[in-house]
4 protein chains.
Amino acid sequence: MAPIVSEEYKEKKKRHILDSSLKAFGEKGFQLATIDDIVAESGLSKGAIYNYFKSKEDIYLQLMQRKTEENIAGLKERFRKKETAEEKLRQFFKNYLEIKLSPDWQRMIGVHLEFWIHSGRDEELKRVMTARYEEVYRTLLMEVLQEGIDQLEFRPDADPAIISSLVWGTIDGTCLHYSVIGNDYPFREQMKTLEEMVFMYVRKGERE
Amino acid sequence: MAPIVSEEYKEKKKRHILDSSLKAFGEKGFQLATIDDIVAESGLSKGAIYNYFKSKEDIYLQLMQRKTEENIAGLKERFRKKETAEEKLRQFFKNYLEIKLSPDWQRMIGVHLEFWIHSGRDEELKRVMTARYEEVYRTLLMEVLQEGIDQLEFRPDADPAIISSLVWGTIDGTCLHYSVIGNDYPFREQMKTLEEMVFMYVRKGERE
Amino acid sequence: MAPIVSEEYKEKKKRHILDSSLKAFGEKGFQLATIDDIVAESGLSKGAIYNYFKSKEDIYLQLMQRKTEENIAGLKERFRKKETAEEKLRQFFKNYLEIKLSPDWQRMIGVHLEFWIHSGRDEELKRVMTARYEEVYRTLLMEVLQEGIDQLEFRPDADPAIISSLVWGTIDGTCLHYSVIGNDYPFREQMKTLEEMVFMYVRKGERE
Amino acid sequence: MAPIVSEEYKEKKKRHILDSSLKAFGEKGFQLATIDDIVAESGLSKGAIYNYFKSKEDIYLQLMQRKTEENIAGLKERFRKKETAEEKLRQFFKNYLEIKLSPDWQRMIGVHLEFWIHSGRDEELKRVMTARYEEVYRTLLMEVLQEGIDQLEFRPDADPAIISSLVWGTIDGTCLHYSVIGNDYPFREQMKTLEEMVFMYVRKGERE
DNA sequence: AATGAATGAGAGTTCATTCAT
DNA sequence: CATGAATGAACTCTCATTCAT
């Protein structure tokens, strides 16, 4: 017998639940947001939600996973079109300059960072998150930096591992501050300055 | 009528409860840590804790306040002894290089950052935290940078506001990553690199 | 989407909880009766009770409101059928003579009076209760007395306001004593005597 | 060795604690008033209070007992000076007319009535209270009424038992309403009317 | 006698999850 | 598949009472 509802239908529902959950989590944080908040936000019933996810934690996990995947896919997509390491690195910072700094985004950042801290307290989750960070995020930037060094665009004694780690740290820290302070925070100026600093650092300390 | 226990006794008790709470919060996070966890950690009774603090939230607030104050006092103390802006800035980074990267410190960082995010969701708290960040943390660094510019140690077109904000962002982001990843994370190397980058940036882009 | 249970079902549940609560409150008083007592009495779970009422106080309030409404409706219904003021007044006292003096009723009276005192300590509640007393209870009796005066059944210099207030006071006081003393208390004889006294008083002091 | 503090001292302290407790109970009711409220009201320490009373319930009991005894003593004292039954009965009502209707008195009434209801729920207490009511309060009035009948002041077929019970009921009910409603309640007019009614009833229904 | 910090049983309430309909 | 009433463990907080000082 054919399934009563199509896979697309189910996928759409899941996505809807995840979107609603993100709003709820953004408003109050994961712990304080209740299933009833998600019910209210989504317009679905409690039972419906539990048909698609096995627990509140499961929603959280899947939500974070998807956002991370979208994020990574976006980054990779943008890198693909560029030729040189410099172009790629410029594109990297450009992404952050182009982010629409809406309250929604601000809240989403809060959820992300909260999840990141949360995962530090759960061995299993920590392993997954650390691995992903190492394999995907840091590697992505490292490869660009290494490419720059190999192509003699960047100075040979720069350490791609540390620089990429530092850049990711700065980005997360900047997002963290923005997520608390909001529009009074000089998010873009800071990203611009970070870009300058990094380029100055990798290009033998030459002025831009 | 003279009090039966001294103020020092009460202060010691409060500190003991706060220390125990920090452990409990570090282990599970603020929401998941229960009063019973604090009871177990501290060896006191539930009632005793409520004799000193009016709620779990109150413990959290006072804990964060104290840690922040200690932090600020420590920073200021260290700056006081130094003469030039460069020396002060070097001292600033040195502090972070000298931190003992224990599991305890790692957990404390988690609690701190969690609180920072938490405060972004509460208007009142957000105001307090943002004000403190602006007035204390950022100003501290800005003044050193401005001093360096005025003394012609640093280049005149550097923006102290943005640089200090960026540095704090980087530090918080680095701490965030460390708090999740732990000892595999190149915390010190990164701090060293940050120092290099910043000096290179403020000193007309000269190589170190 | 149609609700899974009917409104009647929910109404029945609410009534069941209120009935169980009345028993629990009657047994120990509002403060001393616990939610667990209501749980035990009702056979429901704690959560179920909180699905229908938002707090213990809410149960108390709704319970008292309903009982009052039933009470008033009953009084009005009985008055409606009678023609003369004397008949109405006789009917009024008859009601109290016909009450089944069960332990249940005795307990209910205790809860009622406790609530009445309770409301004197809460400004908001006091306003509501005083208003209801004035507008409903006292007015009901006053109108009958005024009617009797207008129809020359009762002496013209009787003060309906004071008499009705006095009668209600006597009834509540008698109920109060009965609720404590129980079956040894001459509830009916007293009501009979009150009736005699009142009629003697309003009918120019003639003997019955 | 002589006791360190005199009996008078201890008696004074006890009285002070009872007075403070009455205020606390009047404000919030017995259950809701805490030992800390009594501490705050009395200016004594917790330990001091427990030196004089063995529990909160004990304070309540002794408080009510004293107030009752004062009450009875006052009534008897006033009766003693009067000659005829009519004079005594007039004096009885006069007492209530002369009460100073202060907020304090209003609150005290609340405590008294609350205690009365409370005692209905405790077999031991109920026995004591019922006995006292029968032996003292009701008997006091009954004796006056019987005296009036014997002296041919009142009609011979009046039932002293029922009348006295009814009068006490009316007084308690009137006090109950006053304790909730306060100064808008026609306490004195009602007492006056009660007096009229009773005299009319016992004097063969003659108009005053 | 007096103090008030300490105790801990027990209160009201919440909410993730289940399951009969 | 959808519904939302029902569940009950677990939470935070209170407060009468004790007892070392």
Side-chain angles (χ1 to χ4, degrees), chain A residues 3-5 9-10 13 31-39 43-60, chain B residues 1-6 9-10 13-14 31-39 42-59, chain C residues 1-6 9-10 13-14 31-39 42-59, chain D residues 3-5 9-10 13 31-39 43-60:
Chain A
I4 290 173
V5 300
Y9 175 86
K10 281 163 77 172
K13 272 247 156 129
Q31 305 285 353
L32 254 40
T34 66
I35 295 290
D36 279 320
D37 289 329
I38 298 173
V39 164
L44 299 176
S45 73
K46 246 177 227 191
I49 289 165
Y50 276 91
N51 276 338
Y52 293 97
F53 299 92
K54 68 181 218 292
S55 68
K56 191 181 152 188
E57 176 91 11
D58 185 32
I59 296 177
Y60 200 27
Chain B
M1 267 161 269
I4 267 180
V5 299
S6 62
Y9 174 88
K10 282 161 79 171
K13 269 269 153 105
K14 274 192 88 165
Q31 305 286 351
L32 253 39
T34 68
I35 295 291
D36 280 323
D37 289 329
I38 298 173
V39 164
S42 66
L44 301 175
S45 72
K46 221 173 264 198
I49 289 164
Y50 279 93
N51 277 344
Y52 293 94
F53 299 92
K54 67 182 218 292
S55 67
K56 191 181 150 187
E57 176 90 10
D58 186 33
I59 297 177
Chain C
M1 267 162 268
I4 265 178
V5 300
S6 62
Y9 173 88
K10 282 162 80 171
K13 268 272 155 101
K14 274 192 89 165
Q31 304 285 353
L32 254 40
T34 67
I35 295 290
D36 279 323
D37 289 330
I38 298 173
V39 164
S42 67
L44 300 176
S45 72
K46 225 175 255 204
I49 288 164
Y50 279 91
N51 277 343
Y52 292 95
F53 298 92
K54 69 183 215 291
S55 67
K56 191 180 151 189
E57 176 92 11
D58 186 33
I59 296 177
Chain D
I4 290 172
V5 299
Y9 175 86
K10 281 164 77 174
K13 273 250 156 126
Q31 304 286 352
L32 254 39
T34 67
I35 295 289
D36 279 320
D37 288 329
I38 298 173
V39 164
L44 301 175
S45 73
K46 244 176 229 192
I49 288 166
Y50 276 91
N51 275 339
Y52 293 97
F53 299 92
K54 67 182 221 290
S55 68
K56 190 180 151 188
E57 176 90 12
D58 185 32
I59 297 176
Y60 199 27

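From a predicted model like this one, the values you see are computed outputs, not experimental measurements. Chain naming here is simple, since letters A, B, ... match the order of the sequence lines and numbering starts at 1 in each.
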Rounded to whole angstrom units, what separation is found between the [atom1] atom of [X] and the [atom2] atom of [N]?
{"X": "L44(A)", "N": "dC1(F)", "atom1": "CG", "atom2": "P", "value": "13 Å"}
{"X": "F53(D)", "N": "dA1(E)", "atom1": "CZ", "atom2": "P", "value": "14 Å"}
{"X": "Y60(A)", "N": "dA16(E)", "atom1": "OH", "atom2": "C1'", "value": "16 Å"}

Using a cut-off of under 3.5 Å, enumerate the N/O to N/O pairs linking the protein to nucleotides 15-17 of chain F.
| residue | atom | partner | partner atom | Å |
| --- | --- | --- | --- | --- |
| dA16(F) | OP1 | K56(D) | NZ | 3.2 |
| dA16(F) | OP2 | I35(D) | N | 2.7 |
| dT17(F) | OP2 | Y50(D) | OH | 3.0 |
| dT17(F) | OP2 | K56(D) | N | 2.9 |
| dT17(F) | O4 | K46(D) | NZ | 3.2 |

Between Y9(A) and dA2(F), is there a contact of a side-chain N or O with OP1 or OP2 at under 4.0 Å?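 Yes, within the criterion.
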For I49(A) and Y52(C), take the nucleotide of DNA chain F holding the closest heavy atom to each; which residue's nucleotide lies nearer the 5' end?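 The 5'-side residue here is I49(A).
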For the side chain of D37(C) and the backbone of A33(C), is there at least one donor-acceptor N/O pair under 3.5 Å apart?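 No: the side chain of D37(C) does not pair with the backbone of A33(C).
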Minimum side-chain heavy-atom gap D36(B)-K46(B) below 4.5 Å: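 Side-chain contact under 4.5 Å: yes.
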Closest approach of Q31(B) to L32(A) (non-hydrogen atoms, all atoms of both residues):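 For Q31(B) and L32(A), the tightest heavy-atom pair comes out as OE1-CD1, 3.1 Å.
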Which heavy atom of F53(A) sits nearest a heavy atom of D58(A), and at what distance?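 Shortest heavy-atom separation between F53(A) and D58(A) comes out as CA-OD2, 3.5 Å.
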If you measure from NZ on K14(B) to CD1 on I59(B), what distance do you get to the nearest 0.5 Å?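 Between K14(B) NZ and I59(B) CD1, I get 10.0 Å after rounding to 0.5 Å.
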Inter-residue atom distance I49(A).CD1 - K56(A).NZ, 0.5 Å rounding: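 It is 12.0 Å, given to the nearest 0.5 Å.
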Have K13(D) and Y9(D) got a donor and an acceptor in their side chains that come within less than 3.5 Å?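 A donor-acceptor contact under 3.5 Å links the two side chains.
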Wobble G-U and Watson-Crick pairs count when both distances are under 3.5 Å; given that, what is the 5' to 3' dot-bracket string of DNA chain E, with | for pairing to other strands? .||||||||||||||||||||
